[in-house]
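As C-alpha cells, the structure follows; a few thoughts come after it.
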Amino acid sequence: MQATDIDGKAYADNLSNRISSILPSFENRTGRMPGLAVVLVGSDPASEIYVRSKNRKAQNLGMESFVYTLAETTSQSDLLTHIEALNADDRVDGILVQLPLPAHLDEMEVINAIDPDKDVDGLHPVNSGRLLAGCPGFVSCTPLGCLMLLRDHLGKLAGMDAIVIGRSILVGKPMAQLLLNENCTVTCAHSRTEQLAQKARQADIVVSAVGKAGFVKEDWIKPGATIIDVGTTKVVIDGRKRLLGDVDYQAVREIAGAITPVPGGVGPMTIAVLMHNTLLAAHRRSGLEAPAL
Ligand code: NAP
C-alpha cells in the first residue's frame, strides 16, 4: 500500500486561519496588531522572494509588516545599529534577518544582537538554550512546523525511534531536540555518520534535512515509517525548473506509512510558523497569555 501524503499546505492554511481569527481580540486588548520586521541586506534574488512572501503573508493576515532593505555594502556596525533600533521599537514584536548575509558580515554577531524575546526565527543562542532546557522560547520555524505535522499525523510521539539527518542550527539540531522533548529516542545523523541506511531503518520517524535530491532510498525505510522531507534542491528537468526533496519520493512511498511531498509538504509550514511565532511574541510582550494553536 502506498504511503499517505502529509499535506503541509492544508495544515499551514489552517494554522494561518487560526492565527487570523485571534488577531481581532489581540487588537481589542492592546490597540495594535502584532508587528514583524524583516531585514534584507543586499539583493540576492532568492532572498528577495522569501522576504516578499513573508511580508505578503503578514499583511494578508492583518499583521503589521516592516521590511527594511539595506544596501549590499552595509557595514556590520550599521546593521547592528539597525537591529538595536528594532529591539527598541514597540511596534515590532518579531525580528527576522534574512540569511545568508553578504560575506563581509558576521551572521552570528547579528543574530546575537537580536532581542531573544523578538527572535521569531529562533536562532539566538538564548532560544537554543531555552529549547534544550525545555523552557518557553522561540523555536526555528521549519523544525517547529515539522513537529506540528508529526503531532497532527501521529498523535503522541513518546517512545518512538526517530532519526534526524542533518545537524544545522537552522533545522537538524532543533528538530532533534524537539523530538527528544517529545520523548522520542533520537539519532542525529550527519556527514560523518557511518552505516546511515542501517540506522535509518530502525526509525519510526525519519526527518531528512540534507539538501541532496533523492538521497534517502527505499531500502533505508522501515515499513510504515513516517517521513518528513525538509530538503529542497532546485533542478532543471526537460527545460522545466523543479524542486526536489532529499527523499526518493516515488520509491519510498511504496514502503513508508506517510510522507511529506516536495513541494507541498514542509515548505508551506515555514512561513505559517513564522506568523505563529510572531503572534506568540506579541502576546508575551504584551503580558497576555499565549494562545494555544
Ligand atoms: P545545511 O546547513 O547545509 O546542513 C546540511 C546537513 O546535512 C549538515 O548537517 C550535513 O552534515 C548533513 N549532510 C550533508 N551530507 C550528508 C551525508 N552524506 N550524510 C548525512 N548527512 C549529510 O542545510 P540546512 O540549512 O540544514 O538545510 C537542509 C535542507 O533543508 C536544504 O536543502 C534546505 O534548502 C532545506 N530547507 C528547507 C526549508 C523549507 O522551508 N522547506 C527550510 C530550511 C531548509 P555536516 O554537519 O556533517 O556537514
Side-chain angles (χ1 to χ4, degrees), residues 5-13 15-16 38 44-47 49-54 56-57 96-101 107-108 111 120-123 128 131 138-150 162-179 186-203 206-217 219-221 227-235 241-249 259-277:
D5 267 352
I6 297 177
D7 188 344
K9 165 111 180 40
Y11 190 99
D13 287 348
L15 178 60
S16 298
V38 181
D44 173 67
S47 294
I49 291 171
Y50 293 138
V51 168
R52 257 203 306 278
S53 43
K54 287 165 188 171
R56 200 181 314 124
K57 183 77 182 178
L96 181 148
V97 178
Q98 186 64 45
L99 301 177
L101 289 171
E107 274 183 10
M108 209 55 231
I111 290 167
V120 285
D121 226 3
L123 297 179
S128 309
L131 177 61
F138 293 103
V139 181
S140 177
C141 301
T142 302
L144 183 54
C146 294
L147 181 70
M148 288 176 181
L149 293 179
L150 282 168
I163 188 165
V164 177
I165 313 175
R167 57 172 167 181
S168 68
I169 290 177
L170 185 68
V171 188
K173 282 181 184 164
M175 188 73 242
Q177 189 60 51
L178 282 168
L179 290 167
V186 184
T187 301
C188 188
H190 45 78
S191 64
R192 310 283 181 89
T193 297
E194 293 185 1
Q195 297 179 313
L196 178 53
Q198 189 186 315
K199 291 184 168 75
R201 265 197 303 274
Q202 309 298 316
V206 177
V207 181
S208 186
V210 173
K212 290 185 176 164
F215 180 69
V216 177
K217 310 288 184 208
D219 60 350
W220 296 26
I221 302 301
I227 318 298
I228 304 290
D229 192 353
V230 182
T232 50
T233 306
K234 287 176 186 153
V235 292
K241 286 185 190 167
R242 286 189 55 199
L243 200 61
L244 295 181
D246 282 354
V247 179
D248 184 348
Y249 174 81
I259 185 167
T260 54
V262 176
V266 172
M269 291 299 290
T270 300
I271 289 186
V273 176
L274 176 64
M275 302 303 135
H276 161 274
N277 283 356

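Just the heavy atoms: all of them, side chains too, but no hydrogens, waters or symmetry mates, feed the values below. Whatever order the structure lists ligands and atoms in, that order sets their numbers, starting from 1.
Using a heavy-atom distance under 4.0 Å as the criterion, the protein contacts of ligand 1 are T142, I165, G166, R167, S168, L170, V171, H190, S191, L196, A209, V210, G211, K212, F215, V230, G231, T232, G267, T270.
More than 12 heavy atoms of other residues, nucleotides or ligands shown are found within 6.0 angstrom of CG on L243. In the displayed structure, K9 atom NZ is contacted under 6.0 Å by at most 12 heavy atoms of other residues, nucleotides or ligands.
With D229 as the partner, the side chain to side chain contact (heavy atoms under 4.5 Å, CB included) test is satisfied by one option alone out of V216, V262, V207: V262.
For K57, the side chain to side chain donor-acceptor pair (under 3.5 Å) partners are S16, not counting sequence neighbours. When the side-chain contact (heavy atoms from CB on, under 4.5 Å) test is applied to A162, the partners found at least two apart in sequence or on another chain are L179, C184, I205. Residues forming a ring pair (Phe, Tyr, Trp, His ring centres under 6.0 Å) with Y50 (at least two apart in sequence, or on another chain): none.
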